[in-house]
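Here is the structure we will look at.
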Amino acid sequence: MIIRFGFVAMAMSLKNASPSQTMTVSTFEKIIDREAALRKITRIASSNLMNSLRILRHAVASGVHVYRFSSKLLPLYGHELTAVWDYFRYLAKDLEEVGKFVKKNKIRVSFHPDHYTLLNSPSQNIVARSIEDLIRHVQLFEAMGLDPQAKLVIHAGGGYQDKQRSLQRFIANWSLVPDQVRERMTLENDDRTFTAKETVQLCETVGIPMVLDIHHHKCNPAGTELRDLAEPIFNTWQETGLQPKVHISSPKSETDCRSHHELINADDLLPFLDISRELNQDLDVMIEAKNKDEALFQLVKDLAKRPGFVQIDGGSFRYRP
DNA sequence: ACCTGTCAAGTCTGG
DNA sequence: CCAGACTTGACAGGT
């Protein structure tokens with residue numbers, strides 16, 4: 001069984017390489033010459049894309065094959081202040097260059113639109129804006145020339161006092177989601193509302209893959225066991241040509257279980273790796289830790305000393321029975 | 001150079 | 001019914 005590790009957005013090992021620089025609304029509004037403000041935003045976006053490329057080069061050089069882009073690549077993209085501006089006209093070359101590097105090096109990439117993106121809201125306006133946000137993320141992948149194996153992951157949404165109705169509303173709203181989004185969409189269990197079991201059932205209903213977050217499951221298990229959920233979750237990936245992806249993070253402390261620690265404690269991950277090994281299931285594991293790539297390297301170093309782990313490169317292992 | 005309050009977005013809690 | 005927490009890196013305005 002093969003395990004590959006990935007990291008999110010930033011690389012702590014690189015200096016001055018933020019992929020998420022931005023401009024606030026108040027700064028934008030203070031610039032009288034709107035055209036100048038929009039050009040400045042475009043310069044920041046270009047820098048974010050070139051820093052993403054630096055991070056990807058660093059990942060490849062380190063043997064890392066899995067990466068999640070920052071969702072803040074294009075400042076204020078989607079805000080009404082910038083509605084007149086065609087970001088892609090000016091950023092096409094940068095996006096293409098990033099995409100070419102991803103394809104050439106076969107890096108598995110994704111986006112995680114943030115928790116304001118809700119497909120199950122009772123407000124049709126919020127649902128409509130969320131779909132627009134998902135489309136904007138898809139447009140980025142398309143401009144990079146990346147096929148539907150480049151995925152989006154979001155949560156099932158809010159509970160709104162009635163989880164069952166809220167799940168039904170997700171299913172009803174799914175008909176509003178265009179194909180270009182559907183074919184890239186995946187869902188992740190969250191740490192307070194929708195459990196892994198509820199999320200995998202929802203994924204089965206709408207026919208999309210599920211990303212298991214091991215830490216969220218620990219916060220929000222509702223009496224379910226990962227051992228029983230692993231197979232159904234893995235099955236949701238069957239048609240995609242991709243191996244299942246899971247998220248791992250370690251709690252900051254016992255009292256603050258939900259926050260992310262700087263590093264990954266291997267003990268938080270090993271039980272699930274053992275389940276996957278029993279099922280002979282290859283896995284991609286996304287590290288969600290404050291120390292980003294350095295948490296990945298630390299975990300790799302730790303696992304390399306343990307029985308059964310045969311290191312392939314800086315970011316992957318063969319895990320033997 | 002460094003520090004502190006603020007930031008596009010929505011939901012949930014507690015008062 | 002409304003203010004504040006939630007999470008986070010980075011801005012913005014102060015020193």
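Computed from heavy atoms alone, side chains included, the values below leave out hydrogens, waters and symmetry copies. First the proteins, then the strands, lettered A, B, ... as listed; each starts at 1.
With C:dT8, B:dA9, B:dG10 as the choices, the nucleotide that has an atom nearest any side-chain atom of A:Asp114 turns out to be B:dA9. Among the nucleotides B:dA9, C:dG9, B:dT11, the one closest to the side chain of A:Lys290 is C:dG9. Picking from B:dA8, B:dG10, C:dC11 the nucleotide with the shortest atom distance to the side chain of A:Val25 gives B:dA8. Proximity note for A:Met10 (side chain, C-beta onward) versus B:dG10, C:dA10, B:dA8: the nearest is C:dA10.
Taking the six-membered ring where the residue is Trp, A:Tyr90 and A:Trp85 present parallel rings, their angle staying beneath 30° rather than reaching 60°.
In this structure, B:dA9 makes no Watson-Crick or G-U wobble pair, since no nucleotide meets both defining distances under 3.5 angstrom. Partner assigned to B:dG15 is C:dC1, using Watson-Crick or G-U wobble distances below 3.5 angstrom. Base pairing of C:dT7: no nucleotide in any strand meets the Watson-Crick or G-U wobble criterion (both distances under 3.5 Å).
Among the atoms of the strands shown, only primed sugar atoms or phosphate atoms (P, OP1, OP2) are found under 4.0 Å from some heavy atom of A:Ser18. Using a 4.0 Å heavy-atom criterion, one finds that A:Gly159 contacts the sugar-phosphate atoms exclusively. Residue contacts shown for A:Asp133 are absent, as no nucleic acid heavy atom lies under 4.0 Å away. Contact annotation for A:Ser121: backbone-only contact, meaning every heavy-atom pair under 4.0 Å involves sugar-phosphate atoms and none involves a base.
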Item to check | A:Met286/A:Val211 under side chain to side chain contact (heavy atoms under 4.5 Å, CB included): CA gap, chis, key distance, verdict | outcome: CA-CA 10 Å; A:Met286 187 62 91; A:Val211 175; over 6 Å; no

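Regarding contacts with the backbone of B:dT11, a side-chain N or O of A:Tyr160 is found under 4.0 angstrom from either OP1 or OP2. Note on A:Gln21: every side-chain N or O is 4.0 Å or more away from OP1 and OP2 of C:dG9. An OP1 or OP2 oxygen of B:dG10 is reached within less than 4.0 angstrom by a side-chain nitrogen or oxygen of A:Arg129. Considering only side-chain N and O atoms, A:Lys292 lies nowhere under 4.0 angstrom from the phosphate OP1 or OP2 of C:dT8.
If you take atom C1' in C:dC11 and the same atom in B:dG10, they sit 22 Å apart, rounded to whole Å. The gap from the P atom of C:dA3 to that of B:dC7 amounts to 15 Å, rounded to the nearest Å. Look at the P atom in both C:dG4 and B:dG5: the space between them is 15 Å, to the nearest Å. Across B:dC3 and C:dT7, the matching P atoms stand 24 Å from one another, rounded to whole Å.
One side chain, A:Asp94 or A:Ser46, offers a donor N or O that lies under 3.5 Å from an acceptor on the other.
Between A:Phe7 and A:Phe5, the ring center distance fails the sub-6.0 Å criterion.
The 5' end of DNA chain C is approached more closely, in terms of each residue's nearest nucleotide, by A:His115 than by the other of A:His115 and A:Phe28.
When the C1' atom of C:dT8 is taken as reference, atom OH of A:Tyr116 falls 10 Å away, rounded to whole Å.
Side chain of A:Asn120 to backbone of A:Arg169: no donor-acceptor contact under 3.5 angstrom is found.
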